[in-house]
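Working notes, beginning with the structure itself.
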Amino acid sequence: MAEIKTAEIKVPPLKKLTNYPEKLAPGHRLCAGCGASIIIRQMFMVANALGYELIIANATGCVEVCTSIYPYTSWRSPWIHNAFENAAATISGVEAAYKALKRKGKLPTDKKVKFVALGGDGGTYDIGFQSLSGALERGHDFIYVCYDNEAYMNTGIQRSSATPKYANTTTQPVGSESLGKPQHKKWMPEVAAAHGIPYVAQVAPSHWKDFMEKFKKALLTKGPSYINAFAVCPRGWRSKEEEGILVTKMAVETNYWPLFEVENGKWRITHRPKNPKPIEEYLKLQGRFKHLFKPENQDKIKELQEEVNRRWEWLNKMEEISNREE
Amino acid sequence: MRPELIKEVKYVPYSGNMAAAEAMRQINPDVVAAYPITPQTELMQFFADFVANGLVDTEYIPVESEHSAMSACVGAAAAGSRAMTATAGPGLAYMWEVLGIASGMRLPIVMTVVNRALSAPINIHGDQSDMMGARDQGWIMLFSENAEEQYDNLIQAIKIAEDERTRLPVMVGMDGFVISHAIERVRLLPDKAVEEFIGEPKLMYPLLDVDNPVTHGPVAMTDSYMEFKRQQREAMMNAYKVIREVGEAFEEAFGKKYEHIETYKTEDADYILIIIGSTAGTAKYVIDKLRDEKGIKVGLIKIRTYRPFPYYDVMDAIEASNCKAVGVFDRAETFGAVGGPLYSDVATAMYLRNKHYPIVSFIYGLGGRDTNVHHIEEAIDKVMQAAAGKEVPFINYLNLNE
């Protein structure tokens, strides 16, 4: 695979980035403290700075519902919503149309455009999984961005395959016979990477420089990229609206949400917390894990810590193996 | 057709799938997203060959499912390109959700449906349950009797879909295997003539116009959803006119008449059969045979436009005949309702004119079951009995073992 030469292209400093016009207009109906809107705005900042127009296909979900209630729209960028499970297939069609029309000389040649499919974890990990996998395999020139808030939040906190073990959701609630979701979270970026696509990254908006560097790489990548973004959900997680970035930071600093990338098959952990905090520091900020702090459930917290360690070790191994000199 | 092009008209031995693929080659769509399914697979393979050999400029997306095929077509059409696909039976069922999105977003997508039975039991053979099951999804629906009609209908469908008065997707059905795989004589038009007939696509709010960003597929709440649906009905009513106009333009250009219905010997008929698809061909043979051998005057109404349903055309043809009873042939079931889907439409047509002819309902050809000459003769016999005031079972299955 061709080396991506991204080092020379720099993302401008934050002060400059904030001067670009907002492409996600204020007045949308996303909740106070929602992580998804921050992710979208950071995405647009990089695109603006690098002179790209984003053409977005949005899966059904919080963002879609809250930004496009007719006759209003928050999008100052071309945007299409088709259904819940088909954002990746939809963007495939848009990208194919672009290629065909460009070839026929029917589109201006001076524009830099990039195609983005945007979905929550439901539209990505679950119902949209097949459509996403197909689009990644076919190699369309697009970025898939998943804002992962770890459940079906738009419809009221139903579990998804992105929901972490023991989280309280409305379809696997905590009860006398239940501690919440019985399964661990799916390792989605790893699954995306298994498609052998040129670029995969996991990001968190609290670590915005890391986020922007990765989104830049995705923008400059020819072919499919997958970005898994941590999207705090104060309503669904029962966390404080004003603590959104703190929760996000804590997810990274406990290694619950490792920041890493897979660039042309090479795995790299992009942020190593100096002294990783215990998982409790992340869990205790959220009401969805409240039941784990009962004395009888201490072993469950230990279990979650073990899963964090398992993934962290796995990522470290992948980094080592994929970068080994032959 | 311009005189210099007439000599380029060809007559070829083609199957329905070959004819449909050839129409697609000449239409040369910007995007084709498709998933193979029997009996459509061959069509897709022919088209893939055109792509592989540079005979089309199409961006071809071999998607991982029919759901994604229609989803990609929605994206491509919204982007401002001409998008086509093809499917059959279960594939159409899997697309069902996105069919309504394509029509609701008013995207002029054109699709061949090689009509196939739905599961279970699984069956790959021809019947029309697939399109009948999708008939309320807001698509214009045309049916072809043979390979050449499939070819002609696809070419006309592009103009019908893209007309500013409609902006609705069109599906064109042909019976699986009997039409899709059987070789017939087909008249092919010159490439240039097809290109001139369909013209350049008219763009309406293309997503790719980054200088004028548009939001496609927004949320409509209780205050606006119904108005969107009302507009769709308006577009479908306009389609009735547009299909006729495009048919007239086709006749003017290529000398072959296409109307909402085709009538065969109805003028002096005492009994009328109403049929969709390939079996209309068999019925024409039986009609000639009975007239010759027994002097029984039967006529046929073949439905070409199924949605919008041509109520008045059907009634005009019935009322202009000596009709004493009607036989309606459905190649699909509607469990728990009266007759088949076509039966309901014909009954509605009579109600609209305040006319009450005896109707005998026939269910035939499910899962590819043969419908031969003697089965149609048997059906005509029942229609004659009903006309004579005799008691006839309301629903009759043709060629059923029971």
Side-chain angles (χ1 to χ4, degrees), chain A residues 23 29 52-58 60 64-104 106-108 111-113 115 117 128 130-138 140, chain B residues 28-33 35 56-83 85 97-98 100-102 104-105 107 109 200-201 203 205-221 223-225 227-228:
Chain A
K23 293 280 180 85
R29 293 152 164 91
Y52 278 87
E53 296 284 353
L54 301 182
I55 297 178
I56 299 171
N58 200 163
T60 308
E64 169 265 330
V65 165
C66 295
T67 56
S68 74
I69 298 181
Y70 182 82
Y72 305 105
T73 179
S74 307
W75 299 93
R76 292 168 176 159
S77 208
W79 182 92
I80 181 169
H81 161 249
N82 188 340
F84 190 7
E85 68 281 46
N86 61 3
T90 307
I91 209 74
S92 302
V94 178
E95 185 249 15
Y98 176 80
K99 277 204 269 187
L101 297 178
K102 187 116 193 200
R103 198 164 55 224
K104 292 177 183 177
K106 290 183 180 175
L107 288 173
K111 303 269 179 202
K112 283 201 285 186
V113 301
F115 301 94
Q130 171 186 311
S131 161
L132 168 60
S133 178
L136 295 181
E137 182 269 335
R138 291 190 300 271
H140 294 279
Chain B
N28 196 8
D30 299 308
V31 176
V32 167
Y35 190 75
V56 284
D57 306 314
T58 305
E59 201 56 44
Y60 164 60
I61 318 176
V63 280
E64 82 298 334
S65 71
E66 289 88 356
H67 195 283
S68 285
M70 189 45 63
S71 301
C73 283
V74 164
S81 75
R82 201 172 248 163
T85 185
E97 179 197 20
V98 198
I101 294 168
M105 288 172 75
L107 299 171
I109 298 160
E200 279 290 304
L203 297 185
Y205 313 108
L207 192 66
L208 291 178
D209 183 0
V210 291
D211 295 328
N212 300 290
V214 178
T215 290
H216 281 260
V219 181
M221 303 293 273
D223 60 347
S224 62
Y225 181 87
E227 284 70 21
F228 279 109

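Atoms considered below: every heavy atom in the structure, side chains included; atoms not considered: hydrogens, waters and symmetry mates. Chain naming here is simple, since letters A, B, ... match the order of the sequence lines and numbering starts at 1 in each.
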**Request:** Begin with the C-alpha distance, continue with both residues' side-chain angles, and end with the deciding distance and a verdict on side-chain contact (heavy atoms from CB on, under 4.5 Å) for Arg138(A) and Val63(B).
**Result:** CA-CA 8 Å; Arg138(A) 291 190 300 271; Val63(B) 280; 3.9 Å; yes
Taking side chain as everything from C-beta outward and backbone as N, CA, C, O, which of these in [X] sits under 4.5 Å from a heavy atom of chain B? Side chain, backbone, both or neither.
X: Glu85(A); result: side chain
X: Leu107(A); result: side chain
X: Arg103(A); result: side chain
X: Ala96(A); result: both
X: Glu53(A); result: side chain

**Prompt:** For residues Ser133(A) and Glu64(B), is any side-chain donor paired with an opposing acceptor at under 3.5 Å?
**Reply:**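 Checked: Ser133(A)/Glu64(B) side chains show no N/O donor-acceptor pair below 3.5 Å.
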**Item:** CA sep, side-chain torsions, deciding dist, call: Ile80(A), Met105(B), side-chain contact (heavy atoms from CB on, under 4.5 Å)
**Value:** CA-CA 10 Å; Ile80(A) 181 169; Met105(B) 288 172 75; 3.8 Å; yes
**Item:** Which atoms of Tyr60(B) approach chain A - backbone, side chain, both or neither, heavy atom under 4.5 Å
**Value:** neither
**Message:** Is Leu207(B) close to chain A through its backbone or its side chain, or both, or neither, when contacts mean heavy atoms under 4.5 Å?
**Reply:**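 Interface part for Leu207(B): both.
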**Request:** Start with the C-alpha gap between Lys104(A) and Asp30(B), add the side-chain angles, then the distance that decides, and say whether salt bridge (Lys or Arg N to Asp or Glu O under 4.0 Å) holds.
**Result:** CA-CA 9 Å; Lys104(A) 292 177 183 177; Asp30(B) 299 308; 2.5 Å; yes
Quick one: which of [options] has the most heavy-atom pairs under 4.5 Å with chain A, could you say?
options: Ala79(B), Ser81(B), Ala78(B); result: Ser81(B)
options: Asp211(B), Val74(B), Ile61(B); result: Ile61(B)
options: Val31(B), Asp57(B), Asp209(B), Thr215(B); result: Thr215(B)
options: Ser224(B), Ala76(B), Ser65(B); result: Ala76(B)

Shortest non-hydrogen separation from [X] to [Y] and the atoms involved:
X: Ser77(A); Y: Pro213(B); value: C-CB, 3.5 Å
X: Val210(B); Y: Val113(A); value: CG1-CG1, 4.0 Å
X: Leu208(B); Y: Tyr98(A); value: CD1-CA, 3.7 Å

**Asked** Just wondering, do Glu200(B) and Lys106(A) contact through their side chains at under 4.5 Å, heavy atoms?
**Response** yes
**Asked** If you round to the nearest 0.5 Å, how far is CG of Asn82(A) from NE2 of His216(B)?
**Response** 11.5 Å
**Message:** Just verifying a value: how many Å separate Met221(B) CE and Ile69(A) CD1, rounded to the nearest 0.5 Å?
**Reply:**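 Answer rounded to 0.5 Å: 5.0 Å.
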**Asked** Between Tyr70(A) and Tyr225(B), does a ring pair (Phe, Tyr, Trp, His ring centres under 6.0 Å) hold up when you go through it step by step?
**Response** CA-CA 9 Å; Tyr70(A) 182 82; Tyr225(B) 181 87; over 10 Å; no
**Message:** Taking Gly217(B)'s backbone N and O only, do any of them form a donor-acceptor pair with His81(A)'s side chain (distance below 3.5 Å, no angle check)?
**Reply:**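 Answer holds: yes.
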**Message:** Within the supplied structure, the quantity of interest is the number of heavy atoms (other residues, nucleotides, ligands) at a distance under 6.0 Å from Tyr205(B) OH; does it exceed 12?
**Reply:**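 Open: at most 12 neighbouring heavy atoms sit under 6.0 Å from OH of Tyr205(B).
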